[in-house]
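Every chain is numbered from 1, with letters handed out A, B, ... down the list of sequences. This one's a predicted model, so the numbers in the text were calculated from it and none came from an experiment.
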Amino acid sequence: MVSSPEKQSFRIIVTTFSQTHLTDQLLAWFDQHHRDLPWRDAACGKRNPYRVWLAEIMLQQTTVTAVIPYYLNFLSKWPTVKAMAEAEDKDIMRAWAGLGYYARARNMVKCARFIADQCQGAFPRAAQDLLKLPGIGPYTAAAVSAIAFNGASAPVDGNVIRTLSRLYALDALMPKNKDQIQRKATALLPQDRSGDFAEALMDLGSQVCRPKNPDCQACPWIKSCQAYAGNVVLEFPKKAPKKLKPTRRGWAFWITRPNGHVLLEQRPPKGLLGRMMGLPSTPWEEDLASFDRAIKPFSASSCQACSGFIKHTFTHFHLELGIIQVSLEGDVEMAGVWVAPDDLETEALPSVMKKAIAHAQKS
DNA sequence: GAAACGTGGCG
DNA sequence: TCGCCAAGTTT
């Protein structure tokens with residue numbers, strides 16, 4: 001059956017009207033529930049692009065609560081993209097330590113240097129151009145363009161996926177539904193206020209359309225939400241079943257010289273905890289090397305295993321790490337840096353290594 | 001497309 | 001205790 005042209009245009013008008021309605025409802029809600037966050041220091045479109053970008057990089061897969069102290073510290077150390085571009089890698093990694101996903105920090109500096117050296121310190125305004133920069137993917141490109149420049153882009157993050165999946169009862173599995181959600185989000189863009197719209201949709205997802213315990217009664221879209229109407233809100237978004245995490249095990253070494261200094265190594269520039277500092281360690285594998293085998297390189301020294309082991313969970317595996325204390329008799333030369341215990345806190349140590357160090361020091 | 005890539009909080 | 005989850009990008 002073919003619709004008449006009149007019928008089609010009528011449908012387009014109705015669709016457009018209801019989308020406008022949704023957009024207006026969302027923006028009205030946003031105006032009443034505006035959150036005061038450190039990076040929201042001016043109206044959308046009038047923000048400092050460097051600060052917007054810095055916040056968006058940090059907020060990738062990371063909660064607002066975790067980001068705030070890091071954001072403030074970075075801004076105080078490196079107030080401009082030029083300042084960050086001139087920073088040393090080591091200082092960036094130190095300041096990022098504990099925030100996780102360290103490739104973000106490595107790409108961030110790379111991006112800052114590109115902006116400073118190749119773009120006269122000015123961020124591109126269009127999402128399409130931002131997308132070419134290191135560490136900036138589809139989400140961040142759209143977010144920076146919308147929030148810093150009021151560009152007509154709709155960032156789609158986990159909040160947006162969840163909220164729109166519920167609003168339209170979208171059955172597609174994450175993350176295959178990304179294109180569909182992107183089209184829905186773009187269709188809802190207002191004529192102006194793209195930046196407010198971006199923040200509004202993400203705020204709605206994080207504060208109202210929460211993963212668990214959503215507050216549907218507070219939602220401006222309650223009358224339009226298909227999942228709510230069907231009483232199946234928690235069934236969206238549809239997700240593939242999670243894979244089981246394997247457990248890997250290893251030994252880390254607390255190696256001290258007679259003066260009490262301890263040996264740290266910088267990890268390789270890519271891969272897990274890349275470019276961060278840590279205790280020397282055996283590889284982390286599913287089969288644990290025996291104590292005797294692990295201490296072979298230190299056969300002439302006194303070696304003692306701390307009781308128990310530390311547990312830590314990464315994105316794709318659990319880790320059980322045993323700690324072996326090695327007390328060297330003299331100032332043996334070894335690859336790495338010797339650090340006084342009091343100076344450990346200033347090193348670029350990821351959380352798992354801080355945990356291992358605490359375990360070694362209390363044993 | 002799938003896997004790698006951190007961490008801390010919450011129920 | 002433990003699985004789930006949070007403002008994704010890269011390879």
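At a threshold of 4.0 angstrom between heavy atoms, the contacts of Leu37(A) include nucleobase atoms, whether or not backbone atoms are also involved. Residue Asn213(A) is classed as having no contact, given no heavy-atom separation below 4.0 Å to the nucleic acid. In this structure, Val64(A) reaches the bases: a heavy-atom distance under 4.0 Å links it to at least one base atom across the strands shown. Note on Arg267(A): nothing from the nucleic acid sits closer than 4.0 angstrom, heavy atoms only.
Cluster partners of Tyr228(A), by chain and number: Ile222(A), Val233(A). The rule joins Ile, Leu, Val, Met, Phe, Trp and Tyr whenever side-chain heavy atoms lie under 4.5 Å apart. Grouped with Leu234(A) in a hydrophobic cluster is no other residue, since no side-chain heavy-atom contact under 4.5 Å to another Ile, Leu, Val, Met, Phe, Trp or Tyr is found.
Distance check on atom C1': dG1(B) versus dT10(C) gives 13 Å, rounded to whole Å. As rounded to the nearest Å, dG8(B) and dT9(C) have P atoms that lie 22 Å from one another. Nucleotides dA6(C) and dC5(B) have their P atoms positioned 22 Å apart, rounded to a whole Å.
Contact between the side-chain N/O atoms of Lys239(A) and the OP1/OP2 oxygens of dC4(C) is not found at any separation under 4.0 Å. OP1 or OP2 of dC5(C) has at least one side-chain nitrogen or oxygen of Lys242(A) nearer than 4.0 Å.
If you find the closest nucleotide of DNA chain C to Lys110(A) and to Trp39(A), the one lying nearer the 5' end belongs to Trp39(A).
Under the ring-ring contact (aromatic ring centres under 6.0 Å, His included) criterion, His312(A) pairs with Phe314(A), sequence neighbours left out. Applying the side chain to side chain donor-acceptor pair (under 3.5 Å) rule to Lys82(A) yields the partners Glu86(A); only residues at least two apart in sequence or on another chain are considered. Residues meeting the ring-ring contact (aromatic ring centres under 6.0 Å, His included) test with His34(A), sequence neighbours left out: Phe30(A). The ring-ring contact (aromatic ring centres under 6.0 Å, His included) test applied to Tyr50(A) returns Trp53(A), not counting sequence neighbours.
Between Pro214(A) and Arg166(A) the shortest side-chain heavy-atom distance falls below 4.5 Å. Put simply, the side chain of His359(A) does not reach to within 4.5 Å of the side chain of Phe309(A), judged on heavy atoms. Side-chain atoms of Leu188(A) and Leu164(A), non-hydrogen and from C-beta on, do get closer than 4.5 Å to each other. At a threshold of 4.5 Å between non-hydrogen side-chain atoms, the residues Val339(A) and Thr346(A) do not count as touching.
Put simply, CG on Leu59(A) is 15 Å from C1' on dT9(C), counting in whole angstrom units. Here the P atom of nucleotide dT9(C) and the CH2 atom of Trp96(A) are 13 Å apart, to the nearest Å.
Applying the ring-ring contact (aromatic ring centres under 6.0 Å, His included) test to every pair with at least one member in residues 59-84 of chain A, sequence neighbours left out, gives these pairs: Trp39(A)-Tyr71(A), Phe74(A)-Trp78(A), Phe74(A)-Trp96(A). Applying the salt bridge (charged side-chain N to carboxylate O under 4.0 Å, His left out) rule to pairs touching residues 230-252 of chain A yields Glu235(A)-Lys238(A), Arg249(A)-Glu320(A), sequence neighbours excluded.
In the region residues 134-142 of chain A, proximity to DNA chain B at under 4.0 angstrom, judged on heavy atoms, holds for none of the residues. Interface residues of residues 189-208 of chain A facing DNA chain B, ordered by number: none; criterion, heavy-atom separation under 4.0 Å. DNA chain B lies under 4.0 Å from no heavy atom of any residue of residues 121-133 of chain A.
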> Can you give one letter per nucleotide of nucleotides 4-11 of chain B, going 5' to 3': B for a protein heavy atom under 4.0 Å from the base, S for sugar-phosphate only, - for none?
Replying inline: SBBBS---
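Side-chain atoms of Arg293(A) and Thr282(A) form no donor-acceptor pair, as typed in the model, at a separation below 3.5 Å.
Side-chain atoms of Thr62(A) come within 3.5 Å of backbone N or O of Gln60(A) as a donor-acceptor pair.
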